[in-house]
Protein chains: 2
Amino acid sequence: MANIYDVAKAAGVSPATVSRALNGGSVSPERAARVQAACEELGFRPNRVARGLRRQRSDVLALIISDIENPFFTALARGVEDVARASNLSVVLCNADDNPEKEAEYLDVALAEHMAGVVIFPASVTETDVTALLDRGVPVVAVDRAPESAAIDTVTADDENGAYAATRHLLDEGYRRIACITGSRGSAAAMERLRGFLRAHREGDAPRRRPRVAYADFRVRGGYQAMNDLLDLPEPPDAVLVTNNLMASGALEALHGRGLRPPGIGLASFGDTHWSHLVEPALTTVHQPAYEIGRSAAELLLQRREAPDTAPQRLILPTRLEVRGSSRRAADSSPPPARKVETRVSHPETGPRQWARLGRPDAAADSATAAGSAAR
Amino acid sequence: MANIYDVAKAAGVSPATVSRALNGGSVSPERAARVQAACEELGFRPNRVARGLRRQRSDVLALIISDIENPFFTALARGVEDVARASNLSVVLCNADDNPEKEAEYLDVALAEHMAGVVIFPASVTETDVTALLDRGVPVVAVDRAPESAAIDTVTADDENGAYAATRHLLDEGYRRIACITGSRGSAAAMERLRGFLRAHREGDAPRRRPRVAYADFRVRGGYQAMNDLLDLPEPPDAVLVTNNLMASGALEALHGRGLRPPGIGLASFGDTHWSHLVEPALTTVHQPAYEIGRSAAELLLQRREAPDTAPQRLILPTRLEVRGSSRRAADSSPPPARKVETRVSHPETGPRQWARLGRPDAAADSATAAGSAAR
DNA sequence: CTGTTAGCGCCTTCAG
DNA sequence: CTGAAGGCGCTAACAG
């Protein structure tokens with residue numbers, strides 16, 4: 001494979017000139033053309049490894065996620081990629097599988113390869129350690145939960161308000177014994193969602209009884225198990241909020257297994273799925289703006305590349321409740337409508353300045369909730 | 001960040017000794033211990049970029065796929081990763097998005113980074129060009145379809161027999177006007193599946209009429225559109241085979257939109273989904289061994305690293321028909337059974353030697369079909 | 001077994 | 001605007 005010396009020789013110039021011609025240095029048009037021709041002639045591809053060694057920086061960005069099978073991450077990845085590509089960065093995905101060891105390995109790779117930056121969904125708030133990256137000047141942005149090891153830019157969905165809106169909606173529909181299936185206590189998202197669920201119960205017309213909470217693991221089997229446990233209670237719930245799409249799938253299976261079906265028992269879940277509108281009745285969900293989270297994370301990363309020493313930012317993007325049949329008690333016995341009716345119920349927003357920076361100036365209107373949740 | 005010279009100094013040895021100690025060269029135990037201690041002391045991480053430049057080879061492997069949102073690829077990715085990790089290779093995922101340009105970019109990255117190897121699901125049989133990689137000695141394995149640009153190792157599912165088995169099953173259930181929604185003519189997989197579909201129709205008791213075929217694009221919208229087109233025909237089909245999971249989702253939506261539901265109209269689809277057993281009735285599918293395909297592809301890649309000059313292999317892994325309610329005409333009006341009943345109908349196998357190599361010696365029994373399809 | 005040395009391919013000073 | 005030269009960090013060849 002041809003290297004820069006071969007090209008220089010073929011073009012009758014010095015290697016430095018070739019380098020300049022390729023990287024936008026000042027070169028006379030005539031020489032630039034000769035270099036160009038020689039490159040094509042020889043099929044020259046600059047060796048990124050050598051370039052990386054010299055420049056101490058690559059143009060590949062790592063996205064480390066915890067479960068490639070979760071649609072949330074795939075949407076997230078698209079967001080990251082779209083922004084990165086606009087800045088001529090490539091994105092590689094690393095599937096840490098919720099395993100801190102695997103994650104550490106990929107962090108190591110990112111470090112040792114001097115990657116341009118890392119967007120990470122930390123496998124663990126406590127164990128995930130990104131300080132080595134930061135020490136070496138590799139910018140890191142966290143999605144969903146911030147690792148304790150360092151203060152870094154973070155982007156999350158407004159989980160608390162999303163859960164609140166969904167629970168509020170179930171209450172409004174007349175459900176009275178609402179349970180929540182959430183993730184492990186170690187997950188910040190799980191706790192946020194639980195918090196919103198509980199807040200809705202503390203309000204005026206909510207039932208006095210302490211709502212049931214089942215802790216599972218954000219996986220299909222966990223949701224299945226948790227739902228069965230809830231149904232086995234002496235006083236089983238009449239509606240359930242599931243805080244993750246995979247668990248929702250398991251929960252639905254558990255219902256089917258007992259011949260139960262929404263909205264007889266109300267069901268609402270977090271996260272988007274490819275199947276939420278394929279099941280009957282369609283599943284009410286709290287939409288997480290995964291793509292936007294990805295975009296924002298990548299944008300923060302690019303900003304930080306430029307200005308490494310500014311204070312870390314915390315971005316909270318709004319969620320949106322998509323009401324469908326599984327939680328519409330009124331629709332209980334009537335045939336499903338021909339078209340989906342989707343209602344936007346909740347639109348908490350983050351602060352206007354953040355939005356402006358993200359190119360969403362339209363959202364500057366209501367920021368009361370935002371201040372509250374952003375400060376949390 | 002500490003480099004190898006710092007470590008050498010701290011340990012009182014030469015950099016070469018440090019390198020040897022780290023990479024399994026022969027070093028006296030006493031010095032090895034000093035090096036070890038110095039590494040920890042300084043938090044030394046070998047710089048992979050420098051190592052890559054020197055060794056002209058990295059230990060990162062690229063998996064280039066065309067649609068990260070398709071569960072087929074996520075399962076595939078797990079297969080690749082599991083094998084790679086066993087050989088101390090990291091895997092990065094590149095989402096080419098079915099876009100030959102993006103794909104070319106990632107191929108470029110893989111080349112310029114001297115990656116250890118590439119597993120690719122080619123975006124296009126004609127446009128995808130991997131010769132540059134091969135020229136530079138980077139092994140490439142294709143999944144599903146082999147690019148025309150070079151003869152390389154390939155792993156595919158036995159699409160033809162899978163489609164045959166599904167169609168056969170629909171015929172056996174008594175459906176008589178079976179249509180097929182398949183991918184574009186440019187896709188080898190789409191054509192293979194169509195071929196199996198048509199073969200089933202040529203047999204003894206099959207209806208004489210020429211079966212309907214709709215060509216779509218392997219995406220949700222395409223399936224939706226195609227199903228609607230089929231239903232608008234003067235003589236609409238009484239069953240449909242959809243050759244991809246995303247299109248199946250669209251097709252199902254189209255049925256729902258018209259108040260139709262399986263098995264009144266029979267439905268079977270290719271590919272696994274997270275929702276095939278959540279819809280009612282559950283969806284009959286042709287299971288693609290995505291995980292195994294990934295494993296095999298990675299194994300071929302490792303083999304080729306060792307022996308670059310052996311002849312390219314072509315591996316065809318068996319598919320499996322999972323019969324569920326959507327194609328069971330008898331179950332038409334009876335309530336859904338409490339537990340899933342899954343029937344394995346078809347088990348065409350590839351040749352015994354291939355299986356043996358893949359650690360599946362149990363499959364050596366029937367290979368009549370295998371020889372036929374492997375030679376294709 | 002160990003140390004010295006050269007060079008992987010590129011970019012980026014520094015002179016001119 | 002151009003060329004010469006050094007070095008990024010590591011490892012493989014060679015000599016001891």
Side-chain angles (χ1 to χ4, degrees), chain A residues 1-36 38-39 42-60 108-109 111-116 132 135-138, chain B residues 1-36 38-39 42-60 108-109 111-116 132 135-138:
Chain A
M1 195 69 192
N3 65 23
I4 203 171
Y5 290 93
D6 300 327
V7 175
K9 200 173 298 174
V13 299
S14 76
T17 300
V18 177
S19 174
R20 282 190 279 256
L22 263 44
N23 297 298
S26 13
V27 178
S28 76
E30 189 258 343
R31 280 162 188 265
R34 288 217 312 268
V35 169
Q36 174 71 13
C39 283
L42 299 172
F44 170 69
R45 331 249 15 135
N47 181 327
R48 290 195 192 215
V49 182
R51 170 185 288 172
L53 180 58
R54 176 61 230 234
R55 290 222 271 227
Q56 304 284 51
R57 184 195 255 197
S58 90
D59 48 3
V60 177
D108 246 34
V109 173
L111 174 61
E113 302 260 13
H114 279 305
M115 292 219 180
D135 287 350
R136 205 144 169 173
V138 177
Chain B
M1 192 69 191
N3 66 22
I4 204 170
Y5 290 94
D6 301 326
V7 175
K9 200 172 297 173
V13 298
S14 78
T17 298
V18 177
S19 174
R20 282 190 280 256
L22 264 42
N23 297 297
S26 10
V27 178
S28 76
E30 189 259 343
R31 276 159 193 263
R34 289 217 311 269
V35 169
Q36 175 71 15
C39 284
L42 300 172
F44 170 69
R45 328 254 11 139
N47 182 327
R48 292 193 191 217
V49 182
R51 171 185 288 172
L53 180 58
R54 178 62 231 231
R55 291 222 274 225
Q56 302 285 51
R57 184 196 252 195
S58 90
D59 48 4
V60 177
D108 247 34
V109 173
L111 174 60
E113 303 260 15
H114 280 304
M115 292 219 180
D135 287 350
R136 204 143 170 175
V138 178

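Naming convention: chains lettered A, B, ... in sequence-line order (proteins, then strands); numbering from 1 in each chain.
Within 4.0 Å of B:Val27, counting heavy atoms only, lie sugar-phosphate atoms of the nucleic acid but no base atom.
Rounded to 10°, the helix from C:dC1-D:dG16 to C:dG16-D:dC1 has 40° between the axis fitted to its first five pairs and the one fitted to its last five.
In this structure, B:Ala21 and B:Val27 approach most closely via the heavy-atom pair N-CG2, 3.6 Å. Looking at every heavy atom in both residues, A:Ser58 comes nearest to A:Glu113 through CB-O, 4.1 Å.
Shown here are the side chain to side chain donor-acceptor pair (under 3.5 Å) partners of A:Arg45, two or more places apart in sequence or in another chain: B:Asp108. The side chain to side chain donor-acceptor pair (under 3.5 Å) search around A:Gln36 returns A:Glu40, not counting sequence neighbours. When the side chain to side chain donor-acceptor pair (under 3.5 Å) test is applied to B:Thr17, the partners found at least two apart in sequence or on another chain are B:Ser14.
For the pair B:Asp6 CG and D:dG9 C1', the interatomic distance rounds to 11 Å; values are reported in whole Å. The nearest whole Å value for the distance from the CG atom in B:Leu53 to the P atom in C:dC11 is 12 Å. The distance from atom NE2 of A:His114 to atom P of C:dC10 is 18 Å, rounded to the nearest whole Å.
Of the candidates D:dA4, D:dC8, C:dG3, D:dA4 carries the atom nearest the A:Ser14 side chain, counting heavy atoms from C-beta on.
Here the side chains of B:Val35 and B:Arg20 are not in contact, with every heavy-atom distance at 4.5 Å or above. By the 4.5 Å heavy-atom criterion applied to side chains, A:Asn23 and A:Arg55 are counted as neighbours.
Between B:Ser26 and the phosphate of C:dT2, there is no side-chain N or O to OP1/OP2 separation shorter than 4.0 Å. The shortest distance between the side-chain N/O atoms of A:Gln56 and the OP1/OP2 oxygens of C:dC11 is not below 4.0 Å.
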Distances under 3.5 Å only, N/O to N/O: pair up the protein atoms with those of nucleotides 10-12 of chain D.
| unit_1 | atom_1 | unit_2 | atom_2 | d |
| --- | --- | --- | --- | --- |
| D:dC10 | OP1 | B:Asn47 | N | 3.0 |
| D:dC10 | OP2 | B:Ile4 | N | 2.4 |
| D:dC10 | N4 | B:Tyr5 | OH | 2.8 |
| D:dT11 | OP1 | B:Asn23 | ND2 | 3.3 |
| D:dT11 | OP1 | B:Arg51 | NE | 2.6 |
| D:dT11 | OP1 | B:Arg51 | NH2 | 3.1 |
| D:dT11 | OP2 | B:Ser19 | OG | 3.0 |
| D:dT11 | O2 | B:Arg54 | NH1 | 2.4 |
| D:dA12 | O4' | B:Arg54 | NH2 | 2.9 |

List the atom pairs, with distances to 0.1 Å, where a side-chain N or O of residues 1-11 of chain A and a protein N or O form a donor-acceptor pair under 3.5 Å, not counting sequence neighbours.
| unit_1 | atom_1 | unit_2 | atom_2 | d |
| --- | --- | --- | --- | --- |
| A:Asn3 | OD1 | A:Tyr5 | N | 2.9 |
| A:Asn3 | OD1 | A:Asp6 | N | 3.0 |
| A:Asp6 | OD2 | A:Asn3 | N | 2.9 |

